[in-house]
Enquirer: 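Please see the structure below; I have some questions.
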There are 2 protein chains.
Amino acid sequence: MQIQIDNSSNRPVYQQIIDAVKRDIALERIKLGEKLPTVRQLAGELVINPNTIAKAYRQLETEGIITTRPGSGAFVAEMNSNISKSVRKKIVIQELERIAIDAVHMQISNEELTQWFAEVIKKFKNTFGE
Amino acid sequence: MQIQIDNSSNRPVYQQIIDAVKRDIALERIKLGEKLPTVRQLAGELVINPNTIAKAYRQLETEGIITTRPGSGAFVAEMNSNISKSVRKKIVIQELERIAIDAVHMQISNEELTQWFAEVIKKFKNTFGE
DNA sequence: TAATTGTACTATCGCAACTAATACAAGTAT
DNA sequence: ATACTTGTATTAGTTGCGATAGTACAATTA
């Protein structure tokens with residue numbers, strides 16, 4: 001787990017931790033069943049309040065990304081999305097549209113954007129759904 | 001200009017207005033030089049404080065999306081991104097990665113995501129850069 | 001039994017978002 | 001010229017979120 005907190009970012013710290021965990025799982029840097037750093041340990045490393053880490057872990061558990069057990073630790077859970085297919089599509093499309101809009105206003109060409117998309121996809125190809 | 005404000009959303013109102021204007025421009029619902037609703041008019045329609053609209057317009061002007069003139073109104077400006085190419089790429093890649101990560105955890109397949117991407121792109125194909 | 005781990009709770013601080021009211025400056029219409 | 005419209009600026013106050021701090025609890029591990 002290598003997490004870089006950007007204090008100048010307007011993205012909340014607890015959210016940056018959630019982002020990092022999700023990213024590392026998607027990139028297979030941490031795998032199913034592996035243990036995450038403890039709340040207090042991560043808090044020490046990053047020099048932030050343990051409550052902030054706890055908040056991130058709590059939300060990750062709510063989302064089904066990890067499972068936690070007091071006395072034991074936090075572990076990477078199996079992937080099984082509890083949201084319905086239609087809702088998932090809605091969410092993703094919404095995010096894709098925002099990118100497209102941003103790209104238009106940045107005067108990025110259709111071809112460029114498509115190529116960048118392909119590059120990104122390649123990075124995660126091992127962990128996509130079946 | 002048809003703007004829908006979602007008060008239950010955690011996205012700030014002024015940001016939703018910015019999103020809507022950018023979207024309508026990217027979809028060619030409003031075109032170069034056309035006039036936007038006045039601050040007070042929009043505030044009346046959406047039943048929100050004029051200052052909130054003003055804040056959105058001010059930021060849109062800063063980004064170069066619109067030009068405003070007191071006494072006259074706000075108008076759609078020409079598209080010319082002032083950010084460097086490398087920075088633009090960095091921003092877009094970052095957004096694309098976040099989507100990919102979300103998609104992985106939602107167990108969306110590579111093929112599905114790619115198809116959705118293509119669908120979205122098609123909507124905006126007229127307004128992409130050259 | 002003692003140490004570790006995640007959770008829960010309360011209190012506090014700082015900041016962003018939003019509302020509100022008002023005044024101002026620049027353009028438009030007559 | 002005069003009156004109106006338009007975006008801007010300023011100040012003040014409220015609300016909610018993010019983060020910190022300290023403490024206590026429950027479950028697991030050694």
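Note that this is a predicted model, so its numbers are computed, not measured. Only heavy atoms go into these numbers, but all of them, side chains included; no hydrogens, no water, no symmetry mates.
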Enquirer: Anything under 3.5 Å between a protein N or O and an N or O of nucleotides 23-30 of chain C, put it in a table, one pair a line.
Expert:
from	atom 1	to	atom 2	distance (Å)
C:dG27	O4'	B:P70	O	3.2

Enquirer: Show the distances under 3.5 angstrom between N or O atoms of the protein and N or O atoms of nucleotides 11-18 of chain D.
Expert:
from	atom 1	to	atom 2	distance (Å)
D:dG18	OP1	A:Y14	OH	3.2
D:dG18	OP2	A:K55	NZ	3.2

Enquirer: Does B:I5 offer a backbone N or O that forms a donor-acceptor pair with the side chain of B:Q16 under 3.5 Å?
Expert: no

Enquirer: Can we say B:R11 and B:D6 salt-bridge, meaning some charged N sits less than 4.0 Å from an Asp/Glu carboxylate O?
Expert: no

Enquirer: If an axis is fit to five pairs at each end of the helix from C:dT1-D:dA30 to C:dT30-D:dA1, what is the angle between the two, to the nearest 10°?
Expert: 30°

Enquirer: Without decimals, in angstroms, what is the distance between A:N49 CG and C:dC9 C1'?
Expert: 14 Å

Enquirer: For B:Y57 and D:dT6, give me the distance from atom OH to atom P, rounded to whole Å.
Expert: 11 Å

Enquirer: Under the side-chain contact (heavy atoms from CB on, under 4.5 Å) test against A:L36, which residue among A:D24, A:L42, A:I30 passes?
Expert: A:I30

Enquirer: Nearest-Å distance, CG (B:D6) to C1' (C:dC18)?
Expert: 16 Å

Enquirer: Do the side chains of B:K85 and A:E112 get close enough for a salt bridge, i.e. N-O under 4.0 angstrom?
Expert: yes

Enquirer: B:W116 and A:I91: same hydrophobic cluster, using ILVMFWY side-chain contacts below 4.5 Å?
Expert: yes

Enquirer: Inspect the contact between B:R23 and A:E97 and indicate whether a charged nitrogen and a carboxylate oxygen are less than 4.0 angstrom apart.
Expert: no

Enquirer: How close or far is atom P of D:dT6 from atom CG of B:L36, stated in whole angstroms?
Expert: 13 Å

Enquirer: What nucleic acid atoms does A:E61 come within less than 4.0 Å of, heavy atoms only: base, sugar-phosphate, or nothing?
Expert: sugar-phosphate

Enquirer: Would you please test A:F117 and B:I99 for side-chain contact (heavy atoms from CB on, under 4.5 Å) and show each step?
Expert: CA-CA 10 Å; A:F117 175 80; B:I99 288 194; 5.9 Å; no

Enquirer: In whole angstrom, what separates B:Q41's CD from D:dT6's P?
Expert: 7 Å

Enquirer: Check whether any side-chain nitrogen or oxygen of A:T38 sits under 4.0 Å from OP1 or OP2 of C:dT4, and answer yes or no.
Expert: no

Enquirer: Looking at A:K22 and A:E63, does any basic side-chain N land under 4.0 Å from a carboxylate oxygen?
Expert: yes

Enquirer: To the nearest Å, how far apart are A:L60 CG and C:dT7 C1'?
Expert: 15 Å

Enquirer: Tell me which nucleotide among C:dT19, C:dT5, D:dA19 gets nearest to the side chain of A:T52.
Expert: D:dA19

Enquirer: Separation of B:I48 atom CD1 from C:dA20 atom C1', in whole Å?
Expert: 14 Å

Enquirer: I need the CD1-P distance between B:I17 and D:dG7, as an integer number of Å.
Expert: 13 Å

